[in-house]
Amino acid sequence: MTGSDDHDEWMSHALEEARASLEHDDVPVGAVVIDAEGTILGRGRNERELRNDPTAHAEVLALRAAAETLGNWNLSDTTLVVTLEPCTMCAGAILQARVGRVVFGAWDDKAGAAGSVHDLLRDRRLPHRVEVTAGVREAETQELLRGFFAQRR
C-alpha cells in the first residue's frame, strides 16, 4: 500500500484519532503507524492535557504503541501518518525509531520540523533520513485545527 489512495485511507484513521482528542480538550492531532502490508500497528492522539505530560504528542504515543505491538523499537519498515507536520520533538522520536516514511496533512508554519520551519527528517547531516509526503487531505486537517483554535479565541 503506497499509493495516494492509501494515504487518504490512512489519514482517515489519523483524523479519527485527532477528533477523539477533542474529548479531553487537547489540540486535535492524530497519528497512526502502518506496516508494509497496511496494517495499523499503533495509534495515538494528543493527550498532553489529559495526561499533564508535555511529551504526550500523537506521534510519540503512536510510535510507542507500534513498538509495543512489534516488540521492537526499530520501526524501519513502517509509515507514520499524522494530521499535522511533526514538531522537533516528534521528528527526533521518528528518527530514533528509524521510521521509513512520514505522511502528514497540514503544515505547521510555526513549529514544523518536516520541511516548513526545519527539515530534521531529511537532514543529510543525520544518520537516518525519512521519506516525507506532505499535504494529504490538507484542507480537512487544517479545518479541524482552525475550528479548535477559533473556539479558544
Side-chain angles (χ1 to χ4, degrees), residues 1-51 55-67 69-70 75-95 97-123 128-153:
M1 290 180 69
T2 59
S4 63
D5 289 342
D6 298 327
H7 294 165
D8 285 349
E9 180 185 336
W10 296 339
M11 189 60 73
S12 293
H13 297 286
L15 279 161
E16 284 176 30
E17 293 298 322
R19 289 183 189 104
S21 68
L22 292 169
E23 296 171 12
H24 40 82
D25 214 25
D26 269 289
V27 176
V29 177
V32 291
V33 177
I34 312 290
D35 71 9
E37 288 77 41
T39 303
I40 295 175
L41 300 173
R43 295 174 175 270
R45 67 182 73 130
N46 272 2
E47 294 185 356
R48 292 185 315 161
E49 299 297 328
L50 180 67
R51 296 179 184 220
T55 68
H57 287 207
E59 300 95 323
V60 171
L61 298 177
L63 292 171
R64 288 176 183 163
T69 297
L70 292 176
L75 304 177
S76 59
D77 293 327
T78 66
T79 298
L80 174 74
V81 181
V82 60
T83 57
L84 180 65
E85 178 184 6
C87 69
T88 55
M89 177 185 70
C90 293
I94 290 163
L95 290 166
R98 307 294 192 265
V99 170
R101 180 172 40 169
V102 169
V103 174
F104 69 86
W107 291 93
D108 185 346
D109 294 331
K110 294 182 181 174
S116 61
V117 179
H118 304 286
D119 197 356
L120 293 178
L121 296 181
R122 295 176 287 197
D123 190 323
H128 179 70
R129 279 172 289 294
V130 180
E131 179 185 332
V132 175
T133 301
V136 175
R137 296 174 67 173
E138 184 173 8
E140 191 175 354
T141 57
Q142 284 177 334
E143 185 55 36
L144 184 60
L145 289 161
R146 276 193 204 111
F148 174 80
F149 288 112
Q151 290 178 341
R152 274 139 189 80
R153 290 185 191 119

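Side chains are part of it too, since the values below use all heavy atoms of this structure and drop only hydrogens, waters and symmetry mates.
Thr78 contributes no side-chain N or O that, together with a main-chain N or O of Val99, makes up a donor-acceptor pair within less than 3.5 Å. Side-chain N or O atoms of Asn46 include one that pairs as donor or acceptor with a backbone N or O of Val27 at under 3.5 Å. With hydrogens and angles ignored, the 3.5 Å screen pairs no side-chain donor or acceptor of Thr39 with any backbone N or O of Asp35.
Judged as a side chain to side chain donor-acceptor pair (under 3.5 Å), and not counting sequence neighbours, the contacts of Thr55 are Asp53. Scanning for side-chain contact (heavy atoms from CB on, under 4.5 Å) contacts around Arg122 gives Asp119, Val132, with sequence neighbours left out. For Arg137, the salt bridge (Lys or Arg N to Asp or Glu O under 4.0 Å) partners two or more places apart in sequence, or in a different chain, are Glu140. A search for salt bridge (Lys or Arg N to Asp or Glu O under 4.0 Å) contacts involving Glu49 returns nothing, not counting sequence neighbours. Listed by chain and number, the residues in a salt bridge (Lys or Arg N to Asp or Glu O under 4.0 Å) with Asp77 amount to none (sequence neighbours excluded). The side-chain contact (heavy atoms from CB on, under 4.5 Å) search around His24 returns Ser21, Asp26, Arg45, Glu47, Leu50, not counting sequence neighbours. For Thr79, the side chain to side chain donor-acceptor pair (under 3.5 Å) test picks out Arg101, with sequence neighbours left out. Judged as a salt bridge (Lys or Arg N to Asp or Glu O under 4.0 Å), and not counting sequence neighbours, Arg64 has no contacts. Residues satisfying the side-chain contact (heavy atoms from CB on, under 4.5 Å) criterion with Ala62, sequence neighbours excluded, are Ala31, Val33, Leu80.
To the nearest 0.5 angstrom, Glu59 atom CD is 10.5 Å from Phe104 atom CZ. To the nearest 0.5 Å, the span separating NE2 on His57 from CE on Met89 amounts to 3.5 Å. How far CG of Asp123 is from CG of Leu95: 8.5 Å, rounded to the nearest 0.5 Å. Taken from CG in Leu41 to OG1 in Thr69, the straight-line distance is 6.0 Å, to the nearest 0.5 Å. Note that SG of Cys90 is 10.0 Å distant from CG of Leu121, once rounded to the nearest 0.5 Å.
Here the closest heavy-atom approach between residue Arg51 and residue Ala56 is recorded as CD-CB, 3.9 Å. A pairwise comparison of heavy atoms in Pro86 and Ala91 identifies CB-N, 4.3 Å as the closest pair. In plain terms, the two heavy atoms of Ala97 and Leu63 that are nearest each other are CB-CD2, 4.4 Å. Contact between Thr141 and Glu138 at its shortest, heavy atoms only, is OG1-O, 2.9 Å. Of all non-hydrogen atoms in Val130 and Gly100, the two that sit nearest each other are CG1-O, 3.7 Å. Heavy-atom minimum distance, Ala14 versus Val81: CB-O, 3.8 Å.
Looking at heavy atoms from C-beta onward, Ile34 lies out of side-chain contact with Val103 at the 4.5 angstrom threshold.
For an aromatic pair to be called close, the ring centres must be under 6.0 Å apart, and Trp10 with His7 satisfies this.
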> So Leu120 and Thr88, side-chain contact (heavy atoms from CB on, under 4.5 Å) or not? Walk me through it.
Replying inline: CA-CA 7 Å; Leu120 293 178; Thr88 55; 4.0 Å; yes
>> Run Leu84 and Gln142 through side-chain contact (heavy atoms from CB on, under 4.5 Å) and show every step you take.
In response: CA-CA 8 Å; Leu84 180 65; Gln142 284 177 334; over 6 Å; no
> Checking side-chain contact (heavy atoms from CB on, under 4.5 Å) for the pair Asp6/Asp8: CA distance, chi angles, key distance, verdict?
Replying inline: CA-CA 5 Å; Asp6 298 327; Asp8 285 349; over 6 Å; no
> How far apart are the C-alpha atoms of Thr83 and Met11, what are their side-chain angles, what is the distance that settles it, and do they pass the side-chain contact (heavy atoms from CB on, under 4.5 Å) test?
Replying inline: CA-CA 7 Å; Thr83 57; Met11 189 60 73; 3.9 Å; yes
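A cation-pi arrangement is absent between Arg146 and Phe149 under the rule of less than 6.0 angstrom and at most 45 degrees off the ring axis.
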Extract all donor-acceptor atom pairs below 3.5 Å that involve side chains of residues 108-116 and protein atoms in other chains or at least two apart in sequence.
from	atom 1	to	atom 2	distance (Å)
Asp108	OD1	Lys110	N	3.1
Asp108	OD1	Ala111	N	3.1
Ser116	OG	Glu85	OE1	2.7
Ser116	OG	Glu85	OE2	3.0
Ser116	OG	Asp108	O	2.8

